[in-house]
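Notes follow once the structure below has been shown.
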2 protein chains.
Amino acid sequence: MTAEVGLRERKKAATRAALAAAANRLAVELGVEHVTVEAIAAAADVSPRTFHNYFSSREEAIVASIIDWAERLTDELQRRPADEPIWDSLQAVFVESLDDSPEGHSRLIAQLEMVMANPSVIASQLSALDTMRRRFAEAIAARSGTDANRDLYPHLIAGAAAHAVKTSMDLWVLGRTDRPLRELVGEAFALLRAGLPQPDRRRS
Amino acid sequence: MTAEVGLRERKKAATRAALAAAANRLAVELGVEHVTVEAIAAAADVSPRTFHNYFSSREEAIVASIIDWAERLTDELQRRPADEPIWDSLQAVFVESLDDSPEGHSRLIAQLEMVMANPSVIASQLSALDTMRRRFAEAIAARSGTDANRDLYPHLIAGAAAHAVKTSMDLWVLGRTDRPLRELVGEAFALLRAGLPQPDRRRS
DNA sequence: GCGAAAACTTGCAGAGTCCGCAAAACTGCT
DNA sequence: AGCAGTTTTGCGGACTCTGCAAGTTTTCGC
């Protein structure tokens with residue numbers, strides 16, 4: 001599958017990955033404010049000018065991993081059986097992508113805290129998530145026989161699912177609940193599938 | 001309601017509004033790329049340095065009107081009867097905020113096209129919408145007896161509603177459908193309230 | 001193999017953003 | 001009028017981002 005790519009392509013992909021990884025690592029370690037393009041480029045062994053051939057902003061590089069994640073998820077979504085209900089496919093794909101190990105948890109928390117500490121990174125994160133949402137919508141449109149240029153359905157379900165996961169993560173990181181992330185995501189999907197009925201006024 | 005504010009406060013608000021309006025107008029007229037902080041400041045009759053006392057980036061000023069819109073909507077949401085179903089309140093508030101006049105339509109289209117033409121403005125727009133979503137979630141939490149720090153419900157419904165409107169506008173501006181915006185928003189809410197059932201495979 | 005052609009990297013220059021700091025100007029109150 | 005608290009402004013400096021042109025590296029056909 002990943003065959004048939006020349007040396008050139010592989011080198012480009014490697015450079016891109018090295019830049020994204022360096023940007024992300026430095027942002028987590030030093031805090032976004034203290035990361036310069038110069039430092040990222042140095043860590044990836046290219047010139048600062050080259051950095052800007054790959055990413056149009058520092059923030060874009062920092063959140064590049066989200067786009068990668070989105071690409072993997074879209075692939076997996078397309079690999080689900082065509083007769084599976086779409087909600088099931090979405091939920092399965094998202095839940096399976098969660099890393100349940102303690103290190104996975106720490107990494108995710110560090111990521112989210114780094115992002116949330118800086119408004120311009122938040123904006124880039126949302127932008128990346130929106131790109132993911134659009135890809136999902138297209139995949140779903142193809143599968144459900146709807147048209148991403150005309151119909152609301154694929155966009156709404158893709159957005160609802162993406163937002164379900166984001167909100168679950170946000171609440172989970174906030175730490176006011178000790179429920180596992182998987183469970184939160186599961187509940188979010190259940191609520192959405194039920195049409196978000198108004199809860200009765202006693203608290204759980 | 002707007003009483004009890006000194007001259008000072010009013011002047012600040014006026015400066016902020018002037019800057020936001022100038023930024024937005026120039027962005028629509030000239031295209032985002034050709035708007036400099038210097039030009040915005042000049043149009044609002046303050047120094048460039050003062051601009052940055054009000055907004056931390058050019059993009060933030062350009063999309064400031066979204067935050068204003070969000071504030072008005074949140075107020076109206078809180079003014080709805082407390083026993084109205086939340087979905088009805090949300091739908092009513094959003095639908096009533098739409099401007100159905102031809103000029104309103106042109107303005108909205110110009111706005112959205114300006115935003116969509118520039119990635120960094122898209123990111124700021126999403127950021128502003130996310131702020132709106134959070135405010136809505138808090139208002140809904142208060143009204144539904146849920147807790148915005150613990151419960152998924154208020155965030156999910158606020159996000160679903162906000163996204164419904166955004167998606168409707170995006171499709172509407174795309175122009176591949178000639179259905180009125182109100183109708184699209186209405187359909188989006190209906191789909192969400194029904195739990196986004198999978199459409200059968202024949203196209204409408 | 002070899003030599004273009006195409007693609008990638010780099011340095012440089014220039015426009016612009018954004019922020020900290022301290023002086024100057026202004027407002028509200030007595 | 002005069003003081004205290006705020007706001008505006010200019011300046012300096014670090015940094016981002018882009019266009020351009022020259023220098024390298026990879027690819028491809030012969």
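Values in this document were obtained by computation on a predicted structure and should not be read as measured data. Quick note on labels: first sequence line is chain A, next is B, and so on, each numbered from 1.
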Do other residues, nucleotides or ligands put more than 12 heavy atoms under 6.0 Å from the CD atom of E38(B)? no
Rounded to the Å, how far apart are E60(B) CD and dT17(C) P? 15 Å
What is the distance from NZ of K11(A) to C1' of dT26(D), rounded to the nearest Å? 8 Å
Could you tell me whether the phosphate oxygens of dA7(C), OP1 or OP2, come under 4.0 Å of any side-chain nitrogen or oxygen in K12(A)? no
Taking any heavy-atom pair under 4.0 Å as a contact, classify Y54(B): base, sugar-phosphate, or nothing. sugar-phosphate
Please report the distance, rounded to the nearest Å, between CG in N118(B) and P in dT17(C). 12 Å
If the plane angle is over 60° it's perpendicular, under 30° parallel, otherwise tilted; pick one for F189(B) and F94(B). tilted
What nucleotide among dT18(D), dG10(D), dT17(C) has an atom nearest to a side-chain atom of V37(B)? dT17(C)
Please give, in whole Å, the distance from dC15(D) C1' to E38(A) CD? 10 Å
Within the 4.0 Å heavy-atom criterion, would you say T50(B) contacts the bases, only the backbone, or no part of the nucleic acid? base
Considering only NZ, NE, NH1 and NH2 on the basic side and carboxylate oxygens on the acidic side, decide whether E138(B) and R143(B) come within less than 4.0 Å. no
Which nucleotide sits closest to the side chain of V46(B): dT18(D), dT10(C), dT9(D)? dT9(D)
Closest-nucleotide mapping onto DNA chain D: is E59(A) or T15(B) further toward the 5' terminus? I mean the 5' end. T15(B)
Separation of N53(B) atom CG from dC21(C) atom C1', in whole Å? 12 Å
One pair to check against side-chain hydrogen bond (donor to acceptor under 3.5 Å, both in side chains): S127(A) and S124(A). What are the steps and the verdict? CA-CA 5 Å; S127(A) 195; S124(A) 295; over 6 Å; no
Identify which nucleotide among dT16(D), dC18(C), dT18(D) has an atom closest to any side-chain atom of S56(A), counting heavy atoms from C-beta outward. dT18(D)
Given atom NE2 of H52(A) and atom P of dA13(C), what is their separation to the nearest angstrom? 17 Å
Can you tell whether the side chains of R72(B) and D75(B) come within less than 4.0 Å, N to carboxylate O? no
Nucleotide dG16(C), atom P - distance to CD1 of I40(B) in whole Å: 12 Å
Between P of dC8(C) and CZ of R10(A), the distance in whole Å: 15 Å
By nearest-heavy-atom nucleotide on DNA chain D, the more 5' of T36(A) and R49(A) is T36(A)
